[in-house]
Each structure stands twice: as structure tokens, then as C-alpha cells.
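In what follows, a structure is listed as C-alpha cells, so that the remarks can point back to it.
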Amino acid sequence: MTGLALWNRTSSLAIGAAAATLTAVGGALLAIDVPAAEALGLAALAGLLAGAAGILGAAGARHTFRSSIAAAVDRLGSAALGDLEAEVPARLRQGAPALATALEELFHKLHGNLESVHRLAMFDTVTGLANRPHFRRSAERMLEEGGDEAAAVLFFIDLDRFKAVNDTMGHAVGDVMLSMVANRLRAVADRFAALGRGEPPLIGRLAGDEFTLFFAHLPDPAEAERIGGGIIAALTEPFALAGQEVSIGASIGIARFPYHGRNLHELMRSADAAMYHAKARGRGRVESFSDGLAADMAERVRLESELRAAIERREFTLVFQPQLSAADGRIVGAEALLRWQHPEGMKLPAAFLTRAEETGLIVEIGDWVVAQMASTLARWGRMGIEQRLAINVSAREIDDAGYFRRLRAAMLAAKAPAHLLELELSETLAMHCSEAVLRAIAALRADGASIAIDDFGTGYSNLARLKRMPVDRVKLDGSVIEHIADSPDARGIAQAVIALIHGLGCEAVAEGIETEAQAAVLRIIGCDVLQGYAMGAPMAEADFLAWAQDMTPCCAIG
């Protein structure tokens, strides 16, 4: 066999060994969670060095190739230091052209793969914008370069109706829309730069439908407001998607360095708070962070801390408001209402439930309520009490089928009679609960529990869906009955709603009754159950049981 033939065969075997080593080492590194770029680089060099070793072993006996092998080893050494673009040495190309070509091809592919890994690590694959880690690192570097004299501005952008697009048109169409949103944000940035007002901003997609713009130097607050208005205008224009025009809009929060934060974390927190304020004020708005929002943030942090302490110290309690039959004044049930025995005084749910839901603490509070309800109903059952006890289900809980399963398990464990339990779901939430939740509710109802729709008349009901739901009672919101004693129109509306409820095969319950005059009208127009301060105020369990024992039909009202 000639020297050249032997060399070519040796080169082929060595490069094959290098490729096999590359695959094996790469898989092993990725399996132990080495970052992709590092794994690829290490594996490639391991494979190349293995191949070179094979060549060296095979050709070591051939003096004429030693110079070429030495050049190959030198080139591999420079590749190990990160140089994948330099030319292979001329003596390697002259003495071993097959190996030189193989190394060049492998270095080229490895360089391309590393660039792909870099893009995946730095940029969002849907929009091509900086992803969260890249945006944060770049913005932090820009802040550091600007120093204390920086006039940086951060825009936090949240799309207003993007979820509806995803839900109705699918995630693929949603991704197309996100890409179009990114292009419109780039266009706004380009217009800013074209006007000579400074460097274009860093644009990022943090997650989902959240985008950010970071200007390293934007000292004029009025200019920031104009840019925000331009973004709103750009994103309000309809998008052509799947053969139709779709409108979404956006809400934007603005935070300025150093007034609203001394670092990126603080700026993002402030801009996020301003964005949520924009949403709360009607969406499609631009809001800058302010002292008022700063005070609100401090209050939210304080309230969260106090709620955590309240859970640990068991500061929550239940009070009970009676429900009376409109026909004869009998006590037919009660509603269990949550109260917080705060060191500064009793707090109603409106003062803390929203924050509890935002922080997820509602889960722990809800579990406490579940345990209390189960033990209370078990106790009432042993006492021979037959009036039902209703409990409100929060927005967070109605999205969780596990909550209803935990409630059922607690009832069974406590041997609490299920027929005494009533679940109250708000009208709006009941229209959107999942099939899994409906099945979990149906299991409780099969045990004997009853279901009530709360706050009826304040939301938008799908009557066909409502008719399919396992509902026993519907509660008219206080706003529906507020003026029935002095307004014929209000009485007509309330009567029509009660007739609708009866048509669905449910009992009509009126809550928020403040006067005997309201109660009298409700009896006349056919309401079945009455609840409110005119019937009885919420009270502790012992007081409620004593009040119920003394209650007679003749003094039920007034």
C-alpha cells in the first residue's frame, strides 16, 4: 500500500473516530446539564483530539507525516482556546490535504453550531427580540455605563387582549401576532432614531405577551410620554391574521432612572406597577410611576407580610349571616363570611382578599376555611341543625379542581353532612370554570351539597351554559334590589330576573337587603329567600346559634 493511500485511510478512520467521540461526549455533557454551547465546544474538541491521537498513532511510524501531524495538533490547540476561524497551517494542507479539509469542514460546522446556540441563548425564537436574560444583562450593562448621571427610561408593555387571540385562533396564530407586535415596536424605535433623538432602544420580550423597551438616555419625560403614545397607536392598529382583522391594544408602564429605581430590578418593578395601574384605569393607556404608586406598592408589600403573619397566628375567623324564607320567616340557612381579626381591628374581605389572590396566599386561607367549614358542619350535624351553610368560592379557587376535591375529602374525613353545605360561585366565574372543575363540583353535589350562583345581575351570563350547570339557587346582587322600594323600573327588572331564575328551576335569593320596605317588595314579586342586615347582621357562631334558637316566624323581619 502506498504512503498516500495509507494516509488517506488513516485520516478517514481518525475523522470517523472524532465524529463518534463528538456524539458520545456531547450526549454525556448535555445529560449532566452542561450548558449547550459549552457541551458542544468541549465535545467537539474532545472528538478532534481523539481523532488526532488516532492519526498520530497510525502515522507515528511514518517520518514523512510527522510535520503535518505536529501542525494538526497545533491547530487543535488553538481551537481549544476558541479559535475556530483561522486557516489551517500550510504545511498541514501540503502534507495531509484530506485531514486539512476535514478539519476545516468540522471547524466551520462547529462555528455555525455555536452561533446558533448563541442565538438561542440570547434571543426569543418567536420574535427575534432579546429574551429575558439577554435583556436584563444588556440593560444592566447600559445602566452601569451611564453611571449616576444616566437618564434611562424603561417601558413595560403588556398586550391587552392577546389571551383571547390564543384561545380562539390557536397558539400558532398567536405566535404570528407576537412577531408582528415585535416588528411594530422596532418601527417605533426606528422612527425615534431617525429623528435624531438618541440611540435606538433595547427591545425585549420577557415572557408571554410582555415586552420591554429600554432607552439608555431619554432625559425629557414628555418625550417618554410621546413614545408611549406612539407604541399605543402602533399596537391599536388592527392586525391581519388568518384572513381577518384582529385588534388587541396594550397597556404601558414607564419608570425613569434614578427617580423610580436605582437598578434594573427596581425599575422593572416600578414600570410593572405603573402598567397594572394603566390596566386598572381602563387599559389602552400609558402610566408613569408616581409617588402614589410607590405608596401603593409599599402598602401591598406590608399587607402581604401581615397576611403571612395572620396565617401563622390564625387570625382569621368565620361569621354567619342568616338567610330567611320570604314566605314564613323561617331560618333556612346562613352564609359563612371570612373576617380577619387584625391587631388594629376587624377587617372585611374587601380589604385583603385581592392581595391574597395576587400573592397566592388565598390557597392557604382557603384551606383553613375548608377545614373550618368541615368541622362546623360536622358539629351542626351532631346538634341536629338542618339549615344549610353557604361558603363563597374565590376566583383563584374556582380555577382549581383540587380545591373542590380537598373540600370533599375534608367533609368526608370530618363526617360532616354534605346536604348542609352550599357553594356560592360568582356569576362571572361560574361562566368560565373548566370541565374538570364542573366534574369536581358535580361530585360534591352528588354527595348532597347545593350550588348557588352569587352576584347575579352584575356580569354577563350565558343562559344556555347556566342551564346546564348543577345550580340550585341564584342570588340577586344587592345592586339589583337597591331601589326596588322606590323605583318602578327597578321593581320590574328585579321581577323579571326572579322569573328568569324560576324558569331555570332555581330558587331566587336576594342579598344586601337593608330595609323592611325592600323585603316587602321582594316577597310580593316572588323572591324565595332573603338575606341582609334587615334580616340579621353577620355574627359569631355562638351568637348565631343562640339567635336562631330564639327566632320565631312572627319576629323574623324587622
Side-chain angles (χ1 to χ4, degrees), residues 132 136 154 156-158 163 206-210 212 251-283 285 287-319 336-373 391-400 402-404 406-407 424-426 428-429 455 538:
R132 179 186 286 270
R136 292 186 68 95
L154 177 69
F156 198 105
I157 304 160
D158 188 88
K163 184 177 184 300
L206 299 187
D209 59 352
E210 296 177 345
T212 47
S251 299
I252 301 175
I254 301 175
R256 298 170 56 221
F257 177 90
Y259 311 104
H260 305 147
R262 299 289 306 181
N263 54 52
L264 183 65
H265 174 73
E266 293 177 356
L267 285 174
M268 292 187 73
R269 186 176 63 180
S270 298
D272 185 49
M275 181 274 294
Y276 274 105
H277 186 58
K279 282 191 177 293
R281 296 190 63 187
R283 303 189 175 192
R285 300 174 58 91
E287 293 286 343
S288 292
F289 194 71
S290 64
D291 292 340
L293 284 176
D296 181 63
M297 283 179 60
E299 171 61 21
R300 286 155 59 90
V301 171
R302 183 189 66 80
L303 181 56
E304 179 181 351
S305 177
E306 289 186 351
L307 279 170
R308 294 186 186 279
I311 293 171
E312 293 178 2
R313 294 196 292 257
R314 300 180 179 274
E315 292 178 351
F316 295 102
T317 188
L318 294 178
V319 296
L337 301 168
L338 183 65
R339 296 291 186 266
W340 178 7
Q341 296 172 308
H342 192 277
E344 297 176 2
M346 193 74 76
K347 288 186 178 292
L348 301 179
F352 61 88
L353 272 192
T354 298
R355 187 59 180 155
E357 290 181 347
E358 291 172 348
T359 59
L361 292 175
I362 191 63
V363 175
E364 294 180 65
I365 296 173
D367 287 344
W368 176 86
V369 172
V370 163
Q372 289 297 111
M373 285 290 293
I391 179 178
N392 277 285
V393 180
S394 74
R396 178 71 172 261
E397 291 161 344
I398 204 168
D399 280 335
D400 179 18
Y403 166 80
F404 298 95
R406 292 194 299 274
L407 175 58
E424 292 191 1
L425 320 176
S426 76
T428 302
L429 295 177
D455 302 327

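Contact check for I391 versus E424: no side-chain heavy atoms found under the 4.5 Å cut-off. Within the 4.5 Å cutoff, side-chain heavy atoms of H265 are placed close to those of R136. Between L307 and F316, the closest side-chain pair of non-hydrogen atoms falls below 4.5 Å. Looking at heavy atoms from C-beta onward, M275 lies out of side-chain contact with E287 at the 4.5 angstrom threshold. The shortest side-chain heavy-atom distance between E364 and W368 does not fall under the 4.5 Å cut-off. Two residues are said to be in side-chain contact when any heavy atoms from C-beta on lie closer than 4.5 Å; L154 and I254 fail this criterion.
Partners of D209 under the side chain to side chain donor-acceptor pair (under 3.5 Å) rule, at least two apart in sequence or in another chain, do not exist in this structure.
A distance-only check finds a donor-acceptor pair linking the side chain of R355 to the backbone of R300 [under 3.5 Å].
Salt bridge status for E304 with R308: present, with a side-chain N to carboxylate O gap under 4.0 Å. The pair R269-E266 does not meet the salt-bridge criterion, since no charged nitrogen lies less than 4.0 angstrom from a carboxylate oxygen.
Residues K347 and A351 approach most closely at CB-CB, 4.4 Å, considering heavy atoms.
The ring pair (Phe, Tyr, Trp, His ring centres under 6.0 Å) analysis of residues 288-307, with sequence neighbours excluded, yields the pairs H260-F289.
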